[in-house]
Number of protein chains: 2
Amino acid sequence: MSNDEHSILHEIRQAQPFSTPAQEATVALMRTADVVRRRIAATMEPFGITTQQYNVLRILRGAGEGGLPTLEIAQRMIEEAPGITRLLDRIEKKGWVKRRRCAEDRRQVLVSITPEGLALLAAMDEAVLAADNGALGSISDADLRVLMRVMDRIRNPPA
Amino acid sequence: MSNDEHSILHEIRQAQPFSTPAQEATVALMRTADVVRRRIAATMEPFGITTQQYNVLRILRGAGEGGLPTLEIAQRMIEEAPGITRLLDRIEKKGWVKRRRCAEDRRQVLVSITPEGLALLAAMDEAVLAADNGALGSISDADLRVLMRVMDRIRNPPA
DNA sequence: TCGAATTGCTTGACACGACAACTAATTAGT
DNA sequence: ACTAATTAGTTGTCGTGTCAAGCAATTCGA
């Protein structure tokens with residue numbers, strides 16, 4: 001079958017075949033995610049923003065005026081706190097978000113998106129939607145459903 | 001359904017629902033790969049090696065005595081050349097690989113695994129196999145086949 | 001054959017992802 | 001009220017992904 005042309009085994013050129021289907025699927029999952037990540041990053045790059053920075057702005061747009069505390073943002077990304085701090089540093093330097101101390105709990109730093117940030121997102125919305133759809137656009141709805149279900153189970157294994 | 005507990009929408013707490021199933025699946029793919037990557041990294045970490053470093057050693061073990069030129073390794077990982085150079089720097093410093101100039105084409109650097117590297121891999125083999133299986137162990141063979149097929153198609157979209 | 005591409009890396013600079021340690025503010029326990 | 005524990009963030013360090021340059025060896029083309 002012509003599928004051999006782009007099978008994982010071929011891509012890796014591994015001398016030894018995989019020990020198990022689960023192992024092969026694990027490798028395939030990594031590589032697939034990488035490929036998609038790169039495609040999406042490529043559509044963001046012309047706007048001078050990275051996917052992580054874009055995700056933060058998306059989250060903050062959804063949060064509205066009041067903004068969100070730093071760690072709340074970290075939670076919604078999968079990320080650890082340290083990463084968020086510096087990510088916000090860079091985004092703030094570009095003028096897309098602003099930070100202010102919360103009055104009630106002075107440990108918290110409330111982050112909110114600026115008008116410039118909103119304008120950037122607005123300019124990007126169309127391209128990003130197209131890219132996200134494009135990345136998995138060739139997959140049928142039925143396959144997408146199976147994909148989602150299987151991945152849900154991978155992330156949250158039974159017991 | 002109790003599935004709501006760990007749905008992607010719940011995990012992201014996104015105010016706006018996704019525009020399309022493809023978009024939702026894209027996000028799920030990223031997060032799933034992250035989760036699995038972390039699980040595997042956790043099993044490698046006790047051996048003082050990262051997943052990338054481990055992958056290089058695996059490739060070199062498959063290559064045997066002669067070793068492989070740097071860029072050939074880069075190709076088998078998905079990675080760019082600069083990343084490989086520095087990855088090899090670190091692995092070499094740990095004594096797991098050695099580099100030598102190729103006599104026929106002095107532009108090439110042949111990289112091969114050392115006995116220490118082989119010993120490390122041997123010590124890790126069992127744990128890694130278990131981890132890879134464990135990561136997707138709860139997925140049925142039928143689902144794995146679908147998963148592989150769909151991901152193949154994502155990586156290599158039709159025309 | 002001699003200069004112009006090309007190839008195979010390497011280095012520099014910037015963005016992330018993750019762990020550890022640290023500060024400051026708040027809360028809990030006695 | 002006073003100390004101990006917790007919470008919210010920040011900073012330092014290491015490993016990696018990526019783009020842009022740069023360098024040396026090799027091949028190509030007139």
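Each chain gets a letter, A, B and so on, in the order its sequence line appears, and its residues count up from 1. Not measured: the values here are computed from a predicted model. Because only heavy atoms are used, hydrogens play no part in the values below, and waters and symmetry mates are left out as well, while side chains stay in.
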- Grab the CD1-P distance between A:Ile40 and D:dG17 for me, whole Å please. 18 Å
- Side chain of B:Glu79 - closest among D:dT11, D:dG17, D:dT16: D:dG17
- B:Lys94 NZ to D:dC14 P, straight-line distance once rounded to whole Å: 12 Å
- Task: Quickly work out the A:Arg86 CZ to D:dG12 P distance and round it to whole Å.
- Result: 8 Å
- What residues, two or more places apart in sequence or in another chain, satisfy side chain to side chain contact (heavy atoms under 4.5 Å, CB included) together with B:Leu110? B:Pro69, B:Arg100, B:Cys102
- Between B:Ala25 and A:Met148, the two heavy atoms sitting closest are CA-SD, 3.4 Å
- Between CD1 of B:Ile73 and P of D:dT16 the distance, given in whole Å, is 14 Å
- Query: Could you walk me through whether A:Ile84 and A:Leu88 pass the side-chain contact (heavy atoms from CB on, under 4.5 Å) check?
  - Reply: CA-CA 6 Å; A:Ile84 293 296; A:Leu88 289 175; 3.6 Å; yes
- Task: Would you mind reading off the distance between B:Arg37 atom CZ and D:dG15 atom P, rounded to a whole angstrom?
- Result: 18 Å
- Query: How close do A:Leu71 and A:Ala81 get, heavy atom to heavy atom, and via which atoms?
  - Reply: CD2-CB, 3.4 Å
- Task: Side chain of A:Arg107 only, please: which of D:dA8, D:dT10, D:dA20 is the nearest?
- Result: D:dA8
- Query: Looking only at heavy atoms, what is the nearest atom pair of A:Arg61 and A:Ala122, with distance?
  - Reply: NH1-N, 4.4 Å
- Message: Using a heavy-atom cut-off of 4.0 Å across all strands, would you classify B:Pro69 as base, sugar-phosphate, or nothing?
- Response: sugar-phosphate
- To the nearest angstrom, the CZ-P distance between B:Arg101 and D:dA25 comes to 8 Å
- Task: Quick one: list whatever passes side chain to side chain donor-acceptor pair (under 3.5 Å) with A:Gln108, sequence neighbours left out.
- Result: none
- When we call it a touch if two heavy atoms are under 4.0 Å apart, what does B:Arg99 touch: a base, just sugar-phosphate, or nothing? sugar-phosphate
- Item | Nearest-Å distance for atom pair CD/C1', residues B:Gln53 and D:dG17 | 14 Å
- Query: Is there a residue in residues 42-52 of chain B whose heavy atoms reach under 4.0 Å of DNA chain D, and which residues are they?
  - Reply: B:Thr50, B:Gln52
- Message: Under 4.0 Å from OP1 or OP2 of D:dT18: is there any side-chain N or O of A:Arg38 that close?
- Response: yes
- Derivation of the salt bridge (charged side-chain N to carboxylate O under 4.0 Å, His left out) call for A:Glu92 and A:Arg99: CA-CA 8 Å; A:Glu92 188 178 29; A:Arg99 292 197 259 204; 3.2 Å; yes
- Determine the contact category for A:Thr85: base if any of its heavy atoms lies under 4.0 Å from a base atom, sugar-phosphate if only primed atoms, P, OP1 or OP2 are that close, otherwise nothing. base
- Its 5'-most and 3'-most nucleotides having an atom under 4.0 Å from a non-hydrogen atom of chain A, DNA chain C is contacted over C:dA15 to C:dT26
List, one per line, each side-chain donor-acceptor pair under 3.5 Å for residues 135-144 of chain A, sequence neighbours excluded.
from     : atom 1 : to       : atom 2 : distance (Å)
A:Ser140 : OG     : A:Asp143 : N      : 3.1
A:Asp143 : OD1    : B:Arg149 : NH2    : 3.3
A:Asp143 : OD2    : B:Arg149 : NH1    : 3.0

- Task: Scan residues 106-115 of chain A for pairs that pass salt bridge (Lys or Arg N to Asp or Glu O under 4.0 Å), counting only residues two or more places apart or in two chains.
- Result: A:Asp105-A:Arg107
- Message: What contact category does A:Ile84 fall into here, base, sugar-phosphate, or nothing, at under 4.0 angstrom with non-hydrogen atoms?
- Response: nothing
- Got a donor-acceptor contact below 3.5 angstrom from the B:Thr114 side chain to the B:Trp96 backbone? yes
- How would you label the contact of A:Gly83 with the nucleic acid (heavy atoms, under 4.0 Å): base, sugar-phosphate, or nothing? nothing
- Between B:Asp89 and A:Asp105, whichever has its closest DNA chain C nucleotide further toward 5' is B:Asp89
